Amino acid sequence: MPEFWNDGDPIADTAAPDGPIETRWERRKFSAKLVNPANRRKLTVIVVGTGLAGGSAAATLAEAGYHVKSYCYQDSPRRAHSIAAQGGINAAKNYRNDGDSIYRLFYDTVKGGDFRARESNVYRLASVSVNIIDQCVAQGVPFAREYGGLLDNRSFGGTQVSRTFYARGQTGQQLLLGAYQAMERQIGLGNIEMNARHEMLELIVVDGKARGIVVRDMVTGEITTEMADAVVLASGGYGNVFFLSTNAKGCNVTASWRAHRKGALFGNPCYTQIHPTCIPESGTHQSKLTLMSESLRNDGRVWVPLARGDQRAPGDIPEDERDYYLERIYPSFGNLVPRDIASRAAKNVCDEGRGVGPGGLGVYLDFADAIQRLGKKAVEAKYGNLFEMYQRITGEDPYVTPMRIYPAVHYTMGGLWVDYDLQSTIPGLFVVGEANFSDHGANRLGASALMQGLGDGYFVLPTTLGNYLASGPYAPVSQDHEEVVAARKAVEDRIAKLLSINGDRTVDSFHRELGHIMWEYCGMERTEEGLTKAIGLIRSLRDEFWQRVKVPGTGEQLNQNLEKAGRVADFFELAELMCIDALHRRESCGGHFRAESQTPDGEALRHDDEFSYVAAWEYAGASPDGKPTLHKEQLEFEYVHPSTRSYK
Ligand SMILES: Cc1cc2nc3c(=O)[nH]c(=O)nc-3n(C[C@H](O)[C@H](O)[C@H](O)COP(=O)(O)OP(=O)(O)OC[C@H]3O[C@@H](n4cnc5c(N)ncnc54)[C@H](O)[C@@H]3O)c2cc1C
């Protein structure tokens with residue numbers, strides 16, 4: 001029996017039809033039960049999250065006639081983290097006539113995810129991608145256009161076609177404004193009840209089904225229980241477990257983790273994306289990192305000096321003393337290799353002592369060639385806001401001096417396990433967007449998160465959730481049902497406990513230390529020894545947290561320390577599971593690089609015979625020995641056969 005976990009029964013996705021992959025989604029849609037329009041208004045759906053996944057889901061469900069209760073912790077739904085997305089959204093429109101197709105997007109995504117994603121889901125994602133663009137254009141999203149009026153495209157990593165639609169470096173913001181307007185229309189019509197500044201702190205499960213949530217009003221501290229016929233989590237990713245990441249400071253795992261504790265399995269928690277082009281850390285004062293969009297790799301060239309320890313200014317290093325290492329090692333994809341490959345390559349050259357900037361933890365992203373070829377104006381038109389952001393943060397002008405970049409935590413491919421219907425292992429609990437584990441395998445390709453979030457919310461969930469609701473009606477649950485009372489009490493007790501410790505360490509100091517452990521041992525490179533050590537360190541730091549954390553203020557007021565304390569407490573439990581997942585997966589795949597499993601030239605070495613499965617974890621507290629239980633979902637590849645991923 002493994003030391004840190006128990007082996008459980010296998011798990012299967014029984015929702016996806018078999019047969020030809022091209023028609024699976026059509027057939028699922030046709031077989032799904034429908035709810036009569038007149039009955040929809042009698043049904044209530046809770047949607048937690050108003051980013052691209054939750055915003056699109058809420059708007060579409062309300063448009064279809066359901067009564068929707070929507071929650072977010074920001075002061076407005078349109079401030080969800082999706083607003084930060086810069087570079088673009090993929091779609092297989094083939095406007096460039098460069099050989100793109102739904103099949104190619106499907107192929108690129110399965111391969112890009114290092115053969116650790118489900119083919120059925122990925123094919124569906126590729127096929128709805130074309131509808132997403134039409135939907136957003138109809139909403140008025142101002143995508144960049146070419147001179148002739150057609151929508152423009154650029155390339156992102158892991159592909160050899162141009163299929164990324166964009167709105168300068170503000171694609172997420174513009175897409176979110178589209179979804180938000182659609183939501184606002186339904187808020188105005190009374191079909192969406194919007195609850196901003198409300199944080200979900202518990203899931204309510206009655207008779208095995210998700211029936212509601214416990215929320216805290218973040219301004220008054222009031223705790224209420226909210227009931228519904230089904231619950232949708234669209235609560236985003238958990239990269240902030242590393243403390244420093246490109247995610248917004250508020251991003252957290254609490255909604256998903258509370259559901260996990262109530263029985264929802266967690267899929268592939270260790271799959272984390274480390275993005276190659278972020279502004280390097282500048283000191284211990286920092287509380288977050290800033291992304292420089294992958295779109296910059298369309299025109300920027302990545303290099304380091306050939307010689308170790310070369311301290312000259314970049315402009316003083318002649319061409320023949322530079323190493324454009326991505327172009328050298330991966331001639332077919334060059335600077336547009338996928339993120340996991342580019343990140344590891346940057347780490348390798350820095351480990352060799354050829355990194356640039358403070359501490360040698362940086363590589364150059366140089367636009368000199370592009371400026372010479374296209375002119376400064378053209379470069380400014382494409383990337384102006386990103387260049388300005390870089391200059392404001394670093395004080396250096398990237399039109400003159402190459403940007404310095406370094407990998408940073410960016411996205412989490414892991415998340416709550418869902419079937420093809422996006423339903424978790426708790427009936428009635430659906431999970432969309434970054435919060436689920438579904439489509440990206442061990443490495444997400446750039447510009448595919450926006451595609452997935454909007455695909456889930458606008459096109460997939462409305463059908464599959466309808467199918468669940470049509471199997472009802474589910475008996476109303478009263479506020480004094482024992483499960484509702486117990487869930488509310490659990491939230492009140494936890495808040496009281498956090499406030500009562502009154503120790504001598506801040507929440508942030510614990511979070512920062514946890515982040516260091518995760519980055520050191522569960523970051524870009526993982527080893528059995530390091531992960532085992534990390535589990536011990538996390539456990540003792542977590543014990544210390546519950547003894548020494550200081551949360552000033554009360555629960556009946558706006559209290560950001562209390563909010564953070566609850567989130568960090570959940571990060572501790574998640575962090576341990578991430579390390580256990582990383583430990584058990586004795587192979588390298590995508591963003592999960594186990595130093596013990598690499599090819600002679602340092603590339604990730606998969607072990608398909610042993611690890612071609614999704615790791616779906618059951619909550620540790622559910623087993624008598626307090627260990628998480630591993631359920632394996634075997635992956636089948638009928639169309640894109642696993643091969644060694646090569647971008648050379
Ligand atoms: C800097 C940056 C740039 C990016 N650029 C791109 C890009 O160009 N292309 C691309 O495809 N992807 C990009 N990504 C990734 C992409 O932005 C995200 O994966 C995606 O936006 C996530 O959307 P979401 O709707 O799942 O979650 P989010 O947008 O994170 O929304 C989460 C929502 O859940 C709510 N919430 C969370 N927990 C609770 C709770 N407990 N109670 C109540 N509400 C809660 C929040 O308030 C929020 O409304 C980028 C990511 C970053 C960090």
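We count ligands from 1, going down the list as the structure has it; atoms in each ligand are counted the same way. Hydrogens, waters and symmetry mates are skipped; everything else that's a heavy atom, side chains included, is used. All values reported here derive from a predicted model rather than from experimental measurement.
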Would the distance check show the side chain of S235 and the main-chain N or O of A435 forming a donor-acceptor pair, the cut-off being under 3.5 Å? no
Polar contacts were defined as any N/O atom of the residue lying under 3.5 Å from an N/O atom of the ligand; does this apply to V48 and ligand 1? no
Could you pull out, from Q170, H81, Q452, the option with a heavy atom nearest to atom 53 (C) of ligand 1? H81
Look at the side chain of R154 and the backbone N and O of N298, then say whether any donor-acceptor pair between them is shorter than 3.5 Å. no
Of all the non-hydrogen atoms in the protein, which one sits nearest to atom 4 (C) of ligand 1, and at what distance? A85 CA, 3.4 Å
Sorted by chain and number, sequence neighbours left out, side-chain hydrogen bond (donor to acceptor under 3.5 Å, both in side chains) with K347 holds for D351
Do any heavy atoms of G172 fall under 4.0 Å from ligand 1? no
For the 3.5 Å polar cut-off, considering only N or O atoms, please tell me whether G87 and ligand 1 meet it. yes
Would you say A80 has any N or O atom under 3.5 Å from an N or O of ligand 1, going by distance alone? no
What residue and atom, counting heavy atoms only, is the protein's closest point to atom 45 (C) of ligand 1, and at what distance? Y73 CD2, 3.6 Å
Consider ligand 1: state whether an atom of it lies below 4.0 angstrom from any non-hydrogen atom of L52. yes
Of the protein's non-hydrogen atoms, which lies at the shortest distance from atom 52 (C) of ligand 1, and what is that distance? H410 CE1, 3.2 Å
When you measure from atom 3 (C) of ligand 1 to every protein heavy atom, which one gives the shortest distance, and what is it? L291 CD2, 3.3 Å
Under 4.0 Å between heavy atoms, the region of H198 that gets near ligand 1 turns out to be backbone
Suppose I only count heavy atoms of G433 and a 4.0 Å limit; which atoms of ligand 1 are within that range? 26 (O)
Would you say the side chains of S155 and S162 form a donor-acceptor pair under 3.5 Å? yes
Ligand 1 atoms nearer than 4.0 angstrom to some heavy atom of N247 are 53 (C)
At less than 4.0 angstrom from any non-hydrogen atom of G236, what atoms of ligand 1 do you find? 26 (O), 27 (O), 30 (O), 32 (C)
A student checking ligand 1 against T246 at a 4.0 Å heavy-atom cut-off should list atoms 1 (C), 53 (C)
Proximal atoms of ligand 1 relative to Q74 (non-hydrogen, under 4.0 Å): 46 (C), 47 (O), 48 (C), 49 (O)
Using 30° and 60° as the class limits, which term best fits the ring planes of Y383 and F367: parallel, tilted or perpendicular? tilted
Quick check: F545 with F572 (ring centres under 6.0 Å apart)? yes
Residue pairs meeting salt bridge (Lys or Arg N to Asp or Glu O under 4.0 Å), one or both in residues 122-137, sequence neighbours left out, come to K93-D134
Which residue holds the protein heavy atom closest to atom 23 (O) of ligand 1, what is that atom called, and what is the gap in Å? S82 OG, 3.0 Å
Tell me whether K111 forms a cation-pi arrangement with Y647, defined as NZ or CZ under 6.0 Å from the six-membered ring centre and within 45 degrees of its axis. yes
Indicate whether the side chain of N90 and that of T164 have a donor and an acceptor atom separated by less than 3.5 Å. yes
Quick test of your reading of the structure: of A234, G457, S256, whose heavy atom lies closest to atom 33 (C) of ligand 1? A234
Give yes if a backbone or side-chain nitrogen or oxygen of T50 is under 3.5 Å from a nitrogen or oxygen of ligand 1, and no if not. yes
Donor + acceptor pair across side chains of N121, D439 (<3.5 Å): yes
Counting heavy atoms only, name the option from C72, A84, A408 that's nearest to atom 44 (N) of ligand 1. C72
Side chains of R197 and Q74: donor-acceptor distance under 3.5 Å anywhere? no
What are the atoms of ligand 1, with element, lying closer than 4.0 Å to any heavy atom of Y411? 19 (O)
Regarding Q452 and N436, do their side chains bring together a donor and an acceptor under 3.5 Å, going by distance alone? yes
Got a donor-acceptor contact below 3.5 angstrom from the Q286 side chain to the S282 backbone? yes
Cation over ring, K249 on Y73, under 6.0 Å and within 45°? no
Closest to atom 34 (O) of ligand 1 among protein heavy atoms sits G49 CA, 3.2 Å
Mark up the atoms of ligand 1 that fall under 4.0 Å of a heavy atom belonging to A53, in ascending order. 25 (O), 26 (O)
Counting the benzene-type ring for Trp, do Y95 and F165 have ring centres under 6.0 Å apart? yes
Tell me: protein heavy atom nearest atom 42 (N) of ligand 1, and distance? M200 N, 2.8 Å
Paired with Y123, the ring-ring contact (aromatic ring centres under 6.0 Å, His included) test is passed by just one of Y107, F106, Y420, namely F106
May I ask you to identify, for S448, whether its side chain, its backbone, both or neither come under 4.0 Å of ligand 1 on a heavy-atom basis? backbone
Would you tell me which option among Q86, R444, R567, E563 has the nearest heavy-atom contact to atom 14 (N) of ligand 1? R444
Close-contact set for ligand 1 against G51 heavy atoms, below 4.0 Å: 25 (O), 29 (O), 31 (O), 49 (O)
Which residue and atom name correspond to the protein heavy atom nearest atom 7 (C) of ligand 1, and how close is it? G88 O, 3.7 Å
